[in-house]
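Report on the structure given below.
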Amino acid sequence: MSNQGFIAGAKILVIMDYINFKLAFITGILISFSAAAQSLEEGLKMMQYQRYQSAIEIFKKVKKHGKHSTTVAYWLGQAYLNNKNSDSALTVYENALKKHNDPVLKAGLAQVYASKGRNPASVPEFSSLNVIPAKIDNAMLATAIGRAYRESGNYSIAEKYFRRAIELNSKDPFLYVLSGRNAFKRGDGTTAIKDFNKAKAIDSTYASAYFWLAKVYIALKNPTLYLPLLNKTIAIDSQYTPAWYELYRYAYFNDKAKVKAYYQQYLRLTDKSDKQEYQLMVLDYKDKKYEEVLKRAENILNSEEAEAPVEIFKYMAYSYFALKDSKEAYKNMVQYMQIQDSSKKSNYDLYLMGQIATRLQDKDAAAVTYIKDAYTADTSRKNRTIYAASLIKYYAHKGDKFNENLWKEHFIKNEGVSKSELYKLGVSWYKLNNFERADSIL
């Protein structure tokens with residue numbers, strides 16, 4: 001091959017390599033944007049499911065994609081607001097506005113201030129928009145302004161903007177649900193029902209329309225109407241977390257057989273949290289899964305951010321007691337009894353404290369006090385016999401004959417003994433020079 005032919009061939013290879021590189025680069029961008037859009041859609045799904053922490057995590061992941069940065073920033077702020085974190089929402093909108101002078105972000109910022117008790121119209125960024133509903137040509141902007149007014153309690157003004165969004169995009173069921181929720185919020189059930197039914201008519205598989213229509217009938221306390229709608233919601237979308245929660249709430253008061261199944265499904269779907277872990281722990285205890293209770297309890301207690309309920313120590317004590325580990329049961333029960341408010345301690349707590357303490361090989365003064373308190377509070381003769389027998393053994397080991405005899409008397413009241421045992425007790429009192437008690441026994 002000549003030098004010219006080699007050079008020409010090399011040029012062709014270089015050109016081909018460049019074309020392949022450009023194709024790969026463009027394909028990568030398209031895939032990247034597709035992934036961003038997909039993730040944005042997933043985040044919006046989490047918003048519908050009221051799984052706001054999951055939505056936050058998804059929106060944060062795609063925030064760097066320039067093509068969607070404004071939209072993602074807006075929804076990230078919305079997720080923070082719904083998750084009761086207005087300060088983070090404020091930071092998101094302020095930072096986004098430094099890069100994009102977008103009216104949707106300005107409306108989001110005003111909504112944050114409204115959540116803090118400020119009138120949206122007093123926010124400079126918001127007042128600078130100076131737009132009336134009829135002049136808006138962007139549905140997202142219309143809904144963003146509507147949310148800002150709704151956040152401040154101005155539902156009538158918010159409705160005008162939601163209606164404008166519907167005029168701009170009348171085939172979007174989401175907008176009818178948004179408008180219906182605003183009507184529901186201001187107490188206009190008739191309009192809310194109309195909007196939710198319109199959303200259903202546009203898309204018969206739009207789960208949110210069925211759920212929010214069910215919410216209207218829940219407010220009206222009409223299970224005949226709302227139960228089929230809740231079931232339809234999860235038939236369309238089995239991941240629709242709020243619907244499972246409403247089914248659980250209904251079952252709690254009306255259908256005990258389904259309570260557990262509905263609640264477990266709700267907990268399975270909702271965002272993971274220490275509160276949820278605690279609730280699962282309680283369910284495990286009710287299922288007598290004592291080792292699982294202890295594992296979950298340890299996870300909660302070892303979490304740096306967890307605020308463990310006081311009752312966690314009680315459930316640990318109950319579980320250790322069921323597993324016949326009296327030492328660990330006692331340790332956790334003491335922890336519970338020491339830090340729990342006295343008004344929240346039940347008779348069963350005292351009963352269990354006494355039962356655990358009686359089984360300890362080595363009792364301390366606190367354990368003895370708990371047994372005595374349990375004896376006083378417990379009305380069961382059988383249980384009182386157990387407490388008394390434990391105290392007899394304790395005082396005999398201590399060589400405290402007076403208290404040993406005293407608790408033998410309590411034992412006799414509940415259990416009864418032979419005449420020979422009564423005689424021995426009378427003699428024992430006589431030897432302690434307590435003639436009055438000796439005489440009453442003999």
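Because the structure is a prediction, the values reported are computed rather than measured.
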So [Y] and [X], do their side chains get closer than 4.5 Å, heavy atoms only?
X: Leu225; Y: Leu220; answer: no
X: Leu178; Y: Arg181; answer: no
X: Glu41; Y: Leu44; answer: no
X: Met47; Y: Tyr52; answer: yes
X: Gln279; Y: Tyr263; answer: yes
X: Leu247; Y: Ile234; answer: yes
X: Glu311; Y: Tyr278; answer: yes
X: Glu328; Y: Met316; answer: no

Has [X] got more than 12 heavy atoms of other residues, nucleotides or ligands less than 6.0 Å from its [atom1]?
X: Glu291; atom1: CD; value: no
X: Lys372; atom1: NZ; value: yes
X: Lys200; atom1: NZ; value: yes

Can I get a per-line list of side-chain donor-acceptor pairs under 3.5 Å for residues 102-114, giving both atom names and the distance, sequence neighbours left out?
| unit_1 | atom_1 | unit_2 | atom_2 | d |
| --- | --- | --- | --- | --- |
| Asp102 | OD1 | Val104 | N | 2.7 |
| Lys106 | NZ | Asn101 | OD1 | 3.1 |
| Gln111 | OE1 | Gln78 | NE2 | 2.7 |
| Gln111 | NE2 | Gln78 | OE1 | 3.3 |
| Gln111 | NE2 | Glu151 | OE1 | 3.2 |

Point to revise | Verdict with reasoning, Asn85 to Ile56, per side-chain contact (heavy atoms from CB on, under 4.5 Å) | key: CA-CA 11 Å; Asn85 189 344; Ile56 289 167; over 6 Å; no
About how many Å separate [atom2] of [Y] and [atom1] of [X], when rounded to the nearest 0.5 Å?
X: Asn182; Y: Tyr155; atom1: CG; atom2: OH; result: 8.0 Å
X: Asp237; Y: Tyr206; atom1: CG; atom2: OH; result: 11.0 Å
X: Leu213; Y: Phe184; atom1: CG; atom2: CZ; result: 10.0 Å
X: Arg268; Y: Thr241; atom1: CZ; atom2: OG1; result: 9.5 Å
X: Ile356; Y: Tyr330; atom1: CD1; atom2: OH; result: 10.0 Å
X: Glu159; Y: Arg150; atom1: CD; atom2: CZ; result: 12.5 Å

Exercise for review: Just do the salt bridge (charged side-chain N to carboxylate O under 4.0 Å, His left out) check on Lys60 and Glu57 with the steps written out, would you?
Suggested key: CA-CA 5 Å; Lys60 285 170 74 173; Glu57 291 168 6; over 6 Å; no
Is the backbone N or O of [Y] less than 3.5 Å from a side-chain atom of [X], with the two atoms forming a donor-acceptor pair by type?
X: Asp188; Y: Thr191; answer: yes
X: Arg163; Y: Pro133; answer: no
X: Asp271; Y: Ser54; answer: yes
X: Asn83; Y: Ala79; answer: no
X: Ser179; Y: Leu175; answer: no
X: Tyr93; Y: Tyr74; answer: yes
X: Trp244; Y: Gln239; answer: no

Of all heavy-atom pairs between [X] and [Y], which one has the smallest distance, and what is that distance?
X: Tyr217; Y: Leu229; result: CD1-CD1, 3.6 Å
X: Pro120; Y: Ala148; result: CG-O, 3.5 Å
X: Ser319; Y: Tyr290; result: OG-CD2, 3.7 Å
X: Gly43; Y: Ala55; result: O-CB, 3.7 Å
X: Tyr315; Y: Val293; result: O-CG1, 4.0 Å
X: Ile58; Y: Ser39; result: CG2-O, 2.9 Å

Review point. Which is it for Phe126 and Tyr149 under the ring pair (Phe, Tyr, Trp, His ring centres under 6.0 Å) test, yes or no, and what are the steps along the way?
Key: CA-CA 11 Å; Phe126 188 71; Tyr149 280 114; 5.5 Å; yes
So does [X] pair up with [Y], basic N to acidic O under 4.0 Å?
X: Lys45; Y: Glu42; value: no
X: Lys215; Y: Glu246; value: yes
X: Lys295; Y: Glu292; value: yes

Practice item. Kindly state each residue pair satisfying salt bridge (charged side-chain N to carboxylate O under 4.0 Å, His left out) with at least one member in residues 107-121, sequence neighbours excluded. Key: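 Listed once each, the pairs are Asp87-Lys116.
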**Study point:** Cation-pi geometry met for Lys256 and Tyr252 (6.0 Å, 45°)
**Key:**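 Yes, Lys256 lies over the aromatic ring of Tyr252.
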Review point. Under 6.0 Å between the ring centres of Tyr248 and Tyr266?
Key: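 Between Tyr266 and Tyr248, which both carry aromatic rings, the centre distance is not below 6.0 Å.
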**Study point:** Close aromatic pair by centroid cut-off 6.0 Å: Tyr240 and Tyr49
**Key:**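 Yes, close enough.
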Review point. Is there a side-chain contact (heavy atoms from CB on, under 4.5 Å) between Tyr161 and Thr143 once you walk through the steps?
Key: CA-CA 6 Å; Tyr161 289 93; Thr143 59; over 6 Å; no
